[in-house]
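What follows is a short report on a single structure.
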There are 2 protein chains.
Amino acid sequence: MDKIKTENTETEILNAAKEIFQLKGMAGARMQEIADKAKINKALLHYYYRSKQLLFEAVFKSAFTLLAPQLNKVLNDDSDLFEKIRRFTENYVSFVIKHPYLPNFVIQELNKNPEFVVKLRSEKNFPSIDKFKLQISDAIKQGVIKPIEAEQLFINIISLNIFPFIGEPLLMALVNVDKESYNKILQHRKTEVAEFIINSIKI
Amino acid sequence: MDKIKTENTETEILNAAKEIFQLKGMAGARMQEIADKAKINKALLHYYYRSKQLLFEAVFKSAFTLLAPQLNKVLNDDSDLFEKIRRFTENYVSFVIKHPYLPNFVIQELNKNPEFVVKLRSEKNFPSIDKFKLQISDAIKQGVIKPIEAEQLFINIISLNIFPFIGEPLLMALVNVDKESYNKILQHRKTEVAEFIINSIKI
DNA sequence: AAATTTGTTAACCAAATAGTTAAACCGTAT
DNA sequence: ATACGGTTTAACTATTTGGTTAACAAATTT
């Protein structure tokens with residue numbers, strides 16, 4: 001059946017495009033390079049995706065679709081707050097190892113295209129902070145954690161987990177270690193970060 | 001004296017280049033756009049800076065020269081640890097308001113050009129973590145803070161301060177607030193972040 | 001004030017790059 | 001076999017873009 005072959009080529013292109021776009025960004029990516037990586041003629045890119053812009057949007061959407069569930073692990077999950085922070089921190093490292101350039105790619109392109117946010121927000125499955133806010137105010141009421149705004153806590157959790165990857169080259173230089181040692185530091189963070197956060201908020 | 005005029009044109013170009021490069025990155029920036037912003041002919045860019053690459057490097061160097069002292073406020077400063085954390089957090093927001101795209105620019109271009117790190121490291125005034133390490137181990141010995149690796153604490157401080165700006169469009173969408181409210185959140189962080197960190201490590 | 005050096009511009013060039021076209025290919029149904 | 005559909009390619013086009021050139025302008029030196 002030709003459908004199988006079509007799907008193969010199409011996903012082949014998408015996979016190649018993911019690699020190139022995530023590594024070099026929209027502006028730095030070259031259609032020819034994507035075609036080469038997918039081992040097809042450049043015209044095929046346009047046959048399947050019409051334009052660079054549309055191919056890029058397909059990649060971006062796919063990237064965000066992968067990232068959203070990670071964020072939802074903090075925002076929408078019924079488990080106990082501390083347990084949740086521990087699990088998210090633990091999981092996030094593994095996620096980034098599987099998709100090293102993805103979070104940075106999403107953040108960068110959002111910075112360069114703030115109007116994308118509008119599109120994303122309108123789609124279903126866009127993570128919402130509402131549940132998390134309730135959980136935090138409950139935990140405060142029950143005397144489990146010190147008073148803190150849910151927004152601030154959320155930003156702290158995300159910052160502590162995402163930035164060490166985005167800022168890797170800078171942090172590696174500042175901390176003055178090589179790639180191997182830096183990876184060890186990141187591995188340590190799997191547990192360290194959660195304890196750092198919990199230490200700060202628990203009563 | 002023509003020197004004055006030359007300096008004006010040269011810095012005019014550099015300022016325009018800073019704006020464009022920091023906003024769009026090396027790959028996304030256009031020499032013509034820089035020339036337009038500097039209100040000069042495109043050939044003048046090459047007269048003063050030879051190539052896009054060299055102009056970019058001048059901008060990058062200048063950006064890092066501005067960023068380094070900020071980092072040194074955490075790493076090399078004799079003041080009391082808690083006071084230092086409080087002051088850095090307070091100052092950093094003001095710094096980023098003055099140079100909104102600078103930290104992200106530096107980090108992005110380092111990600112795309114990891115070999116830049118080598119050049120930066122070899123220059124004097126590159127921030128070193130040594131003093132900070134001593135300060136932390138002293139504080140632990142003296143029972144002021146709980147045991148923590150200096151590297152981890154440093155990464156935490158930097159992450160909590162820098163990421164909220166780099167991830168602004170994403171965080172704004174996730175936290176579900178408009179620009180104005182997000183700015184208020186950032187202003188709150190001037191004090192909140194320091195207390196969050198100190199809470200976590202103090203005994 | 002003539003000559004020389006420095007600063008600036010318009011016009012141009014070559015390479016890179018996104019996108020198009022028309023023909024070839026290839027499996028499937030007639 | 002052959003006509004037909006979707007798939008793939010080589011060759012091409014138009015535009016963008018970094019960079020150059022040669023002439024002009026303005027200041028500096030002699």
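These numbers were taken from a predicted model, which means no experiment stands behind them. In what follows, chains are A, B, ... by sequence order, proteins preceding strands, each numbered from 1.
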Donor-acceptor contacts, no H, no angles, side chain residues 186-196 of chain B, under 3.5 Å, sequence neighbours left out:
{"unit_1": "His188(B)", "atom_1": "ND1", "unit_2": "Glu149(A)", "atom_2": "OE2", "d": "3.4"}
{"unit_1": "Arg189(B)", "atom_1": "NH1", "unit_2": "Gln152(A)", "atom_2": "OE1", "d": "2.9"}
{"unit_1": "Arg189(B)", "atom_1": "NH1", "unit_2": "Asn156(A)", "atom_2": "OD1", "d": "2.9"}
{"unit_1": "Arg189(B)", "atom_1": "NH2", "unit_2": "Asn156(A)", "atom_2": "OD1", "d": "2.7"}
{"unit_1": "Arg189(B)", "atom_1": "NH2", "unit_2": "Leu160(B)", "atom_2": "O", "d": "3.1"}
{"unit_1": "Thr191(B)", "atom_1": "OG1", "unit_2": "His188(B)", "atom_2": "O", "d": "3.2"}
{"unit_1": "Glu195(B)", "atom_1": "OE2", "unit_2": "Arg86(B)", "atom_2": "NE", "d": "2.8"}

Expected list for residues 60-68 of chain B: side-chain donor-acceptor pairs under 3.5 angstrom, two or more places apart:
{"unit_1": "Ser62(B)", "atom_1": "OG", "unit_2": "Lys18(B)", "atom_2": "NZ", "d": "3.3"}
{"unit_1": "Thr65(B)", "atom_1": "OG1", "unit_2": "Lys61(B)", "atom_2": "O", "d": "2.7"}

Original post:
Expressed in angstrom and rounded to an integer, what is the separation of Ile13(B) atom CD1 from dG7(C) atom C1'?
Top reply: 11 Å
**OP:** Starting at atom OH of Tyr48(B), determine the distance to atom C1' of dT6(C), rounded to an integer number of angstrom.
**Re:** 8 Å
Original post:
For Leu45(B), which contact category applies under a 4.0 Å heavy-atom criterion: base, sugar-phosphate, or nothing?
Top reply: nothing
Original post:
Taking CD1 from Ile34(B) and C1' from dG19(D), how many angstroms apart are they, rounded to a whole number?
Top reply: 14 Å
**OP:** For nucleotides 18-25 of chain C, just jot down a letter per nucleotide in 5' to 3' order: B, S or -, based on protein non-hydrogen atoms under 4.0 Å.
**Re:** BBBB----
Original post:
Are the charged groups of Lys24(A) and Glu33(A) less than 4.0 angstrom apart, N to O?
Top reply: yes
Original post:
Given the side-chain rings of Tyr92(A) and Phe88(A), with only the six-membered ring counted for Trp, is the space between their centroids under 6.0 Å?
Top reply: yes
Original post:
To the nearest angstrom, how far is Met26(B) atom CE from dT17(D) atom P?
Top reply: 14 Å
Subject >> Rounded interatomic separation in angstrom, taking CG from Asp36(A) and P from dT9(D) >> reply: 12 Å
Original post:
What is the distance from CG of Leu44(B) to P of dT21(D), rounded to the nearest Å?
Top reply: 16 Å
Subject >> Closest to the Tyr47(A) side chain, choosing from dT8(C), dG6(D), dT9(C) >> reply: dG6(D)
Subject >> Gap between atom CG of Leu45(B) and atom CD1 of Ile40(B) - 0.5 Å precision >> reply: 4.0 Å
Original post:
Under a 4.0 Å N-O cut-off, is there an ion pair linking Asp78(A) with Lys131(A)?
Top reply: yes
